[in-house]
Amino acid sequence: NFIFEIPDLKEQEKYLLEMKKIEKLLKDLESKIKKLENLQKKKVELEIYKNNSLIKLNNILDYCSRNDSLSEEGIYNNLPQDNKNIINVLSGSVDDIFYGKISGDIHKVHYVKQKYVLHVITRGKAGKITFLDKGNYATNTNAFIFYLKDSIIKDLQLNNDEKIKIYLKFLKIYLQNIFSEACSKSDVSVFPLTEIMNSLMIPKINFSEEIKKITELYDNIENFLNLLYKKINRINLIYKKDFI
């Protein structure tokens, strides 16, 4: 007994044609995304550095411990009073790692001050690494923050901020597969921090143009992927709005 209107045949054909175009475009974009994601996951082979001396990861990177006190309530109780002294609180989520902001004057919080960092998730999608620009950072649970040790910066010929930034991005690319594999071997997909820091040996690689080229390539892949993700989301919104 339900009565509803449907477009006439010409309108139906017009809609179907538009839907087919959109579906074709979506499939094309999804295919490109898959290829780029596979490129992004590809292990970086460093044949030119295979004869380099090895160095323990904990001689290159230091880490900042998590803060269990920085729950939603903990952040609310320590909101910043101005925009001058702020700590960004990072979460253990892949989708949105920025959890909130707290005052930089808070005591008994582990955080890094004005450094380029690598944010590493420790549970769930453990081992996922994200590079973050220079800033003040702390984490709550299920994540750690890694940064270059001051003692190694000069030794690796990182004599300015730009080189430090590029080198840390390079380490993110190099370590991503290693971290993911280490987590997949653990009992409950937990990031084995102590084991990795104390036993992982990597080639000691000084800054070079090769490193710069690798990071630029991966930056381009990531930027293109983000652009495609936005396009797909936009198309899906239009598709649902107009046809569903």
Side-chain angles (χ1 to χ4, degrees), residues 40 57-58 60-154 156-176 179 191 193 196-197 207 211-212 214-216 218-223 225-226 229-230:
Q40 198 178 39
L57 188 64
N58 65 6
I60 294 180
L61 292 179
D62 209 342
Y63 71 91
C64 180
S65 299
R66 68 191 190 191
N67 299 278
D68 293 337
S69 61
L70 294 181
S71 59
E72 190 173 340
E73 182 181 356
I75 291 174
Y76 180 78
N77 291 332
N78 294 283
L79 292 174
Q81 301 304 310
D82 54 50
N83 292 322
K84 295 178 181 178
N85 194 11
I86 293 173
I87 299 172
N88 297 288
V89 181
L90 308 175
S91 72
S93 168
V94 175
D95 300 320
D96 187 6
I97 65 173
F98 289 96
Y99 195 63
K101 297 178 184 290
I102 58 171
S103 169
D105 299 321
I106 185 174
H107 299 293
K108 296 182 180 179
V109 167
H110 306 292
Y111 78 101
V112 296
K113 186 175 182 180
Q114 286 304 302
K115 289 186 180 295
Y116 298 106
V117 302
L118 298 178
H119 168 267
V120 181
I121 292 173
T122 58
R123 288 181 180 272
K125 293 187 177 179
K128 171 69 175 173
I129 309 173
T130 303
F131 168 84
L132 296 172
D133 266 317
K134 184 182 279 189
N136 301 330
Y137 299 103
T139 65
N140 50 21
T141 55
N142 301 335
F144 285 105
I145 300 168
F146 290 82
Y147 55 93
L148 283 169
K149 281 191 167 183
D150 291 335
S151 57
I152 199 69
I153 286 174
K154 186 176 179 182
L156 296 174
Q157 300 176 14
L158 307 174
N159 52 20
N160 59 50
D161 266 12
E162 185 62 20
K163 287 183 178 180
I164 292 171
K165 179 179 181 178
I166 291 169
Y167 197 87
L168 203 56
K169 281 186 174 185
F170 167 75
L171 281 182
K172 177 220 169 196
I173 296 163
Y174 180 73
L175 293 171
Q176 183 59 84
F179 281 13
F191 184 73
L193 176 70
I196 282 178
M197 293 301 285
F207 184 86
I211 284 174
K212 188 176 179 181
I214 290 171
T215 57
E216 285 174 351
Y218 275 76
D219 277 348
N220 288 337
I221 291 172
E222 189 166 346
N223 291 336
L225 269 173
N226 289 334
Y229 290 146
K230 287 177 183 178

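- Without hydrogens or angle criteria, Q176 side chain to G127 main chain gives a donor-acceptor distance under 3.5 Å.
- Counting heavy-atom neighbours within 6.0 Å of K212 NZ, excluding the residue itself, gives a total of 12 or less.
- Note that CG of L90 is 5.0 Å distant from CD1 of I145, once rounded to the nearest 0.5 Å.
- Taking the six-membered ring for Trp and thresholds of 30 and 60 degrees, F191 and F144 have ring planes inclined between 30 and 60 degrees apart.
- A donor-acceptor distance shorter than 3.5 angstrom exists from the side chain of K149 to the backbone of N58, with no hydrogens or angles considered.
- Side-chain contact between L148 and I60: present, with at least one pair of heavy atoms (C-beta onward) separated by less than 4.5 Å.
- Two residues are said to be in side-chain contact when any heavy atoms from C-beta on lie closer than 4.5 Å; D133 and K165 meet this criterion.
- Q81 CD: 12 or fewer foreign heavy atoms inside a 6.0 Å radius.
- Counting heavy atoms of neighbouring residues, nucleotides and ligands inside a 6.0 Å radius, atom CD of E73 does not exceed 12 of them.
- In this structure, the separation between CG on D68 and OG1 on T139 is 8.5 Å, given to the nearest 0.5 Å.
- Y167 OH to Y174 OH: the interatomic distance, rounded to the nearest 0.5 Å, is 10.0 Å.
- Rounding to the nearest 0.5 angstrom, the gap separating the OH atom in Y111 from the CD1 atom in I87 is 4.5 Å.
- Ion pairing between E222 and K172 holds under the 4.0 Å rule for side-chain N and carboxylate O.
- Using a 4.5 Å cut-off on side-chain heavy atoms (C-beta onward), F146 and M197 make contact.
- With contacts defined as side-chain heavy-atom distances shorter than 4.5 Å, the pair H119/I121 qualifies.
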L61/L168 under side-chain contact (heavy atoms from CB on, under 4.5 Å): CA gap, chis, key distance, verdict: CA-CA 10 Å; L61 292 179; L168 203 56; 4.0 Å; yes
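- Proximity of E72 to Y99: side-chain heavy atoms (C-beta onward) are separated by under 4.5 Å at one or more points.
- Between D150 and K115 the shortest side-chain heavy-atom distance falls below 4.5 Å.
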Stepwise side-chain contact (heavy atoms from CB on, under 4.5 Å) check, L132 with N88: CA-CA 11 Å; L132 296 172; N88 297 288; over 6 Å; no
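- Panel note: side chain N136, backbone Q114; a donor-acceptor pair is recorded below 3.5 Å.
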Worked check of side-chain contact (heavy atoms from CB on, under 4.5 Å) between L57 and Y63: CA-CA 11 Å; L57 188 64; Y63 71 91; over 6 Å; no
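- With hydrogens and angles disregarded, no donor-acceptor distance shorter than 3.5 Å links the side chain of T141 to the backbone of G92.
- With a 6.0 Å radius and a threshold of 12 heavy atoms from other residues, nucleotides or ligands, Y147 has its OH atom above the threshold.
- Between Y116 and D161 there is a side-chain heavy-atom pair separated by less than 4.5 Å.
- A donor-acceptor contact shorter than 3.5 Å is absent between the side chain of S103 and the backbone of P80.
- Side-chain atoms of N140 and S91, non-hydrogen and from C-beta on, do get closer than 4.5 Å to each other.
- The main-chain N or O of H110 is found under 3.5 Å from a side-chain atom of N67 such that the two form a donor-acceptor pair.
- Taking OG of S65 as the reference point, atom CG of L193 lies at 8.0 Å (rounded to 0.5 Å).
- In this structure, N220 CG and L225 CG are separated by 11.0 Å, a value rounded to the nearest 0.5 Å.
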